[in-house]
Number of protein chains: 2
Amino acid sequence: MPRTINIAEKIEQLRTFHAIEQRDPTFAELAELFGYRSKNAVYGPLQKLIQLGYIQQKRSGRLTLTPKITGSSRLLGTVQAGFPSPAEEELIDTINLDQYLVRNPEATYLLTVSGDSMIEAGIHPGDIVLVEKGNPPKKNDIIIAQVDGEWTMKYFGKDKQGVYLDPANKAYQRIRPERSLSIGGIVKAVIRKYS
Amino acid sequence: MPRTINIAEKIEQLRTFHAIEQRDPTFAELAELFGYRSKNAVYGPLQKLIQLGYIQQKRSGRLTLTPKITGSSRLLGTVQAGFPSPAEEELIDTINLDQYLVRNPEATYLLTVSGDSMIEAGIHPGDIVLVEKGNPPKKNDIIIAQVDGEWTMKYFGKDKQGVYLDPANKAYQRIRPERSLSIGGIVKAVIRKYS
DNA sequence: ACCTTATCTGAACGTTCGTTCAGTTTAAAA
DNA sequence: TTTTAAACTGAACGAACGTTCAGATAAGGT
């Protein structure tokens, strides 16, 4: 049998390339990156990288790196399950937080939270909420709503008397929209950034 | 004076192109996208788009779209400040959550939270924490630490007696590492995804 | 109405692109 | 050691790339 190729090494090289150039590589660049003197030599490793989902090839023949390469965060286990050693990290895929959190970019908005009416739901002032418009809310969804002219964030609920909005703070009371209620979207994620 | 160009329309067209093709456009594709019959015609609008930070041009001449185009979330104001109408949304830039949260991709990890020891800091079981390795923690940083063989998430602190770790839950007590303390990283962000 | 000038067209250029092919090299299997 | 087949080289191909240029077009100012 002929030589074998080291795919893990190439994945790291692809990450390095993308970190520096911030774009997709060409065949010639892949050849140089992998240490080949011929562009043709990349076809072998490339097929495996495509199969493993690290690279896609468009109809035009051009290559694009997937979030497995371009993603910026490595998803590991739980805190209690232990923290992996640097040696174990080598082959762990990266994910893209945008694609993880955002389903429909055109209907998604970020809002900064002010006020403490949802604090018992772990949503603090200064947090950022990711809001998705378009779908009707279900019970216990956290929504952005305009009640009688004012925008707020509350739990959504419905009963025989109609729609109600609950805060997650005992200092505030349930709201029953009197005149109007318009829904700005459903809170799909909460993001808190430190320092 | 000759004709004027509509830059806002082109920004939307670029977003559409990226949403469909998921890659950077060529000059020929830009010409078709903008409705020109000549590639040369894109140079005018392109200069403005580059100036405004929507497109970058690499040394090779190739174009790359910036997160202002490729980002998947539009950053708006605060909840109380009001929710913008669809008409106002047209020209709002998008941001990339990865680039917003991740400073050094190679030193960044995501961990799923188990346990409720940080619940009073608004970090719930099931939340995802974004951990950055490499820098020493400051007081009141939330850190991932291995204390006497077990990994936990706690507030970091230091006094005359040495290092201590505080939970954000009155049911738990302050920990003073007896044998060993190794730090897995500093919690830079908390992400909670609903449904 | 005419003039002016940025915008746009259409064609051409050298370069680089992805692809292909014949032939060489190389390491594992026999 | 010999055999064998995958890995790799180096060259070539048409196509598409970004760029450039002379000239046509068309809208705004006068």
Side-chain angles (χ1 to χ4, degrees), chain A residues 1-66 68-70 91, chain B residues 1-66 68-70 91:
Chain A
M1 278 291 178
R3 289 150 277 182
T4 59
I5 56 178
N6 181 356
I7 213 74
E9 179 192 10
K10 312 224 177 307
I11 291 170
E12 270 312 305
Q13 290 170 326
L14 285 174
R15 289 218 177 92
T16 301
F17 180 91
H18 182 261
I20 294 173
E21 298 288 339
Q22 300 196 59
R23 58 181 175 81
D24 297 316
T26 66
F27 275 77
E29 287 167 336
L30 278 192
E32 187 187 350
L33 189 64
F34 293 166
Y36 296 132
R37 285 197 278 183
S38 170
K39 286 190 286 181
N40 184 31
V42 307
Y43 275 84
L46 179 61
Q47 289 310 314
K48 292 185 183 164
L49 288 165
I50 291 174
Q51 271 188 334
L52 294 171
Y54 290 98
I55 300 183
Q56 287 182 341
Q57 190 165 28
K58 305 283 176 180
R59 283 170 296 281
S60 63
R62 303 225 162 178
L63 307 173
T64 59
L65 303 175
T66 67
K68 276 185 159 186
I69 297 292
T70 65
L91 262 176
Chain B
M1 278 290 181
R3 290 149 278 184
T4 61
I5 56 179
N6 180 356
I7 214 74
E9 179 192 10
K10 310 223 178 310
I11 291 170
E12 269 314 304
Q13 289 169 326
L14 286 174
R15 289 219 176 91
T16 302
F17 179 91
H18 182 261
I20 295 173
E21 298 288 339
Q22 300 195 58
R23 59 182 175 80
D24 297 315
T26 66
F27 274 77
E29 286 167 336
L30 278 193
E32 186 187 351
L33 189 65
F34 293 165
Y36 295 132
R37 285 197 279 185
S38 170
K39 286 190 286 179
N40 184 31
V42 307
Y43 276 83
L46 180 60
Q47 289 311 313
K48 293 185 183 163
L49 289 165
I50 291 174
Q51 271 190 335
L52 294 171
Y54 290 97
I55 299 183
Q56 288 182 340
Q57 189 165 27
K58 305 283 178 180
R59 280 169 296 281
S60 63
R62 304 227 162 176
L63 307 173
T64 59
L65 303 174
T66 68
K68 275 186 159 185
I69 298 292
T70 66
L91 261 176

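Proteins get letters first, then strands, A, B, ... in listed order; numbering begins at 1 in each.
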Between B:K39 (side chain) and B:T26 (backbone), is there a donor-acceptor pair under 3.5 Å? no

Enter the distance from A:D24:CG to A:H18:NE2 here, rounded to the nearest 0.5 Å. 7.0 Å

Would B:L49 and B:I69 satisfy side-chain contact (heavy atoms from CB on, under 4.5 Å), going step by step from the backbone distance to the final call? CA-CA 11 Å; B:L49 289 165; B:I69 298 292; over 6 Å; no

When you measure from the side chain of A:R37, which nucleotide among D:dG18, C:dT9, D:dT9 comes out closest? D:dT9

Of the nucleotides C:dC8, D:dT9, D:dT19, which has the atom closest to the B:A41 side chain? C:dC8

Which nucleotide sits closest to the side chain of B:N40: C:dC21, D:dC8, C:dT9? C:dT9

Provide, to the nearest angstrom, the distance between the CD atom belonging to B:E32 and the P atom belonging to D:dC17. 11 Å

Compare side-chain N and O positions of A:Y36 against OP1 and OP2 of D:dT9 and report whether any pair is under 4.0 Å apart. no

Near-strand residues of residues 16-31 of chain A, defined as heavy-atom separation under 4.0 angstrom from DNA chain D: none

CG of B:L63 versus C1' of D:dC17: gap in Å, rounded? 11 Å

Check whether any side-chain N or O of A:R15 sits under 3.5 Å from a backbone N or O of A:K68 as a donor-acceptor pair, and report yes or no. yes

Nearest-Å distance, OH (A:Y43) to C1' (D:dA6)? 17 Å

Rounding to an integer number of Å, can you tell me how far A:Q47 CD sits from C:dT19 P? 9 Å

Separation of D:dT19 C1' from B:L46 CG (nearest whole Å): 12 Å

I want to check one thing: is the phosphate of C:dC17, taken as OP1 and OP2, less than 4.0 Å away from some side-chain N or O of A:Q57? no

Set of residues satisfying side-chain contact (heavy atoms from CB on, under 4.5 Å) with respect to A:Q13, sequence neighbours excluded: A:E9, A:K10, A:L33, A:F34

To the nearest 0.5 Å, how far apart are NZ in A:K48 and CD1 in A:I11? 12.0 Å

Please answer whether the main-chain N or O of A:L65 pairs with a side-chain N or O of A:T70 as donor and acceptor at a distance below 3.5 Å. no

A:K39 NZ to D:dC13 C1': how many Å, rounded? 10 Å

